[in-house]
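What follows is a short report on a single structure.
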Amino acid sequence: MKIVFINTPVGILELKGDVEGLASVFFKDIDKVEVSSKIPKELKDAVVQLEEYFEGKRKEFSLKLSPEGTDFQKRVWKQLEEIPFGKTTSYQQMANKLGDPKVIRAAASANGKNPISIIIPCHRVIGSDGSLTGYAGGLHRKKWLLEFESPSQQQSLF
């Protein structure tokens with residue numbers, strides 16, 4: 001498994017992957033992480049596409065993904081990938097799309113275990129009342145990402 005650390009407007013990201021695909025993208029909140037000077041070829045496309053995303057040049061990712069999780073988690077993550085740039089959905093809407101409104105807590109839990117931040121856009125899931133809800137990368141990052149993706153530049157969404 002190859003690892004690279006990149007700097008973004010919302011902090012340092014750690015990317016892990018191999019020839020099978022990208023396995024994880026996590027925010028790192030520690031000061032002792034050094035941004036990688038060399039990018040392994042297995043992670044080059046992911047780094048380039050994330051840079052394009054943060055430059056406002058990319059709205060969709062086209063990467064081979066290889067996250068580890070249960071079948072249910074993978075179904076939820078696949079559904080997350082279908083949320084378009086600049087749009088949001090709620091946990092309830094996700095549960096409904098999964099075919100059972102009662103799986104809302106399970107869907108929320110799977111969302112929180114998403115190992116590929118930004119690329120599998122779990123930040124696009126909000127509360128049914130429109131409120132910001134939990135985000136493994138921190139609510140300040142979720143807010144930033146949603147405002148960054150907002151089709152109309154507003155003062156502040158939240």
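Note that these values count all heavy atoms, side chains included, but never hydrogens, waters or copies made by symmetry. Residue numbers start at 1 and run along the sequence shown.
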Practice task
Give a yes or no on whether a salt bridge exists between K78 and D71, defined as a side-chain N under 4.0 angstrom from a carboxylate O.
Solution key: no
Handout entry: Backbone of S90 reached by a side-chain donor or acceptor of Q93 within 3.5 Å
Key = yes
Problem - From Q79 atom CD to N111 atom CG, the distance as rounded to the nearest 0.5 Å - result: 9.5 Å
Exercise for the section: Tell me whether F61 is reachable from F26 by hopping between hydrophobic residues (I, L, V, M, F, W, Y) whose side-chain heavy atoms are closer than 4.5 Å. Expected result: no
Exercise for the section: Report yes if the side chains of Y135 and S117 come closer than 4.5 Å at any heavy-atom pair, otherwise no. Expected result: yes
Exercise for the section: Determine, step by step, whether I116 and L22 satisfy the side chain to side chain contact (heavy atoms under 4.5 Å, CB included) criterion, reporting the C-alpha distance in whole Å, the side-chain angles of both residues, the deciding distance to 0.1 Å, and the verdict. Expected result: CA-CA 8 Å; I116 305 180; L22 188 63; 4.0 Å; yes
Practice task
Check whether any side-chain heavy atom of C122 sits under 4.5 Å from a side-chain heavy atom of W77, and report yes or no.
Solution key: no
Exercise for the section: Check the hydrophobic clustering (I, L, V, M, F, W, Y; side-chain heavy atoms under 4.5 Å; chains of links allowed) and say if I120 and V48 are grouped together. Expected result: no
Exercise for the section: Verify side chain to side chain donor-acceptor pair (under 3.5 Å) between D45 and Q49, making sure each step is shown before the conclusion. Expected result: CA-CA 6 Å; D45 283 345; Q49 289 189 33; 5.4 Å; no
Exercise for the section: Ignoring hydrogens and angles, tell me if any N or O in the side chain of S36 forms a donor-acceptor pair with the backbone of K38 under 3.5 Å. Expected result: no
Problem - Check: K142 and T133 side chains under 4.5 Å, non-hydrogen atoms - result: yes
Practice task
State, with a plain yes or no, whether a side-chain heavy atom of L50 is found less than 4.5 Å away from one of T8.
Solution key: no
Problem - Candidate pair M94 and L80, rule side chain to side chain contact (heavy atoms under 4.5 Å, CB included), full reasoning - result: CA-CA 8 Å; M94 286 187 67; L80 291 171; 3.7 Å; yes
Practice task
Please confirm whether the backbone N or O of T89 pairs with a side-chain atom of R124, one donor and one acceptor, at under 3.5 Å?
Solution key: no
Handout entry: Closest non-hydrogen atom pair, P40 against V4
Key = CD-CB, 4.1 Å
Practice task
Would you tell me whether K74 and T70 have side-chain atoms, one donor and one acceptor, within less than 3.5 Å of each other?
Solution key: no
Practice task
Verify side chain to side chain contact (heavy atoms under 4.5 Å, CB included) between E42 and E20, making sure each step is shown before the conclusion.
Solution key: CA-CA 9 Å; E42 296 87 347; E20 297 301 315; over 6 Å; no
Problem - Short N-O contact, E52 and R58, less than 4.0 angstrom - result: yes
Handout entry: Residue pair F5 / E34, side-chain heavy-atom distance below 4.5 Å
Key = no
Completion exercise
So CD of E81 and CD1 of I83: to nearest 0.5 Å the spacing works out to 10.0 Å
Problem - Between NZ on residue K16 and CG on residue L43, distance to nearest 0.5 Å - result: 11.0 Å
Handout entry: Beyond-backbone contact of Y91 with I126, side-chain heavy atoms, under 4.5 angstrom
Key = no
Problem - Parallel, tilted or perpendicular: rings of F54 and F148 (30°, 60°) - result: tilted
Practice task
Please name the pair of heavy atoms, one in P101 and one in N96, separated by the smallest distance, quoted to 0.1 Å.
Solution key: CB-OD1, 3.3 Å
Problem - E14 side chain near V33 side chain, heavy-atom distance below 4.5 Å - result: no
Problem - Inter-residue atom distance S66.OG - K64.NZ, 0.5 Å rounding - result: 7.5 Å
Exercise for the section: Applying salt bridge (Lys or Arg N to Asp or Glu O under 4.0 Å), run through D29 and R141 and close with a yes or a no. Expected result: CA-CA 12 Å; D29 283 324; R141 289 190 178 112; 2.6 Å; yes
Fill in the blank from the handout: L63 and A46 have their tightest heavy-atom pair at CD2-N, 3.6 Å
Handout entry: Atom CD of E68 with >12 non-hydrogen neighbours under 6.0 angstrom
Key = no
Completion exercise
Residues M1 and A23: closest non-hydrogen pair is SD-CB, 4.0 Å
Handout entry: Pair H123-L146, side chain to side chain contact (heavy atoms under 4.5 Å, CB included): steps then yes or no
Key = CA-CA 7 Å; H123 62 278; L146 290 173; 4.2 Å; yes
Exercise for the section: Mind running side chain to side chain donor-acceptor pair (under 3.5 Å) on Y53 and E149 for me, showing each step along the way? Expected result: CA-CA 10 Å; Y53 168 83; E149 293 182 358; 2.6 Å; yes
Fill in the blank from the handout: Nearest heavy-atom contact between L98 and A107 is CD1-CB, 4.0 Å
Problem - Side chain proximity check, I118 to L13, heavy atoms < 4.5 angstrom - result: yes
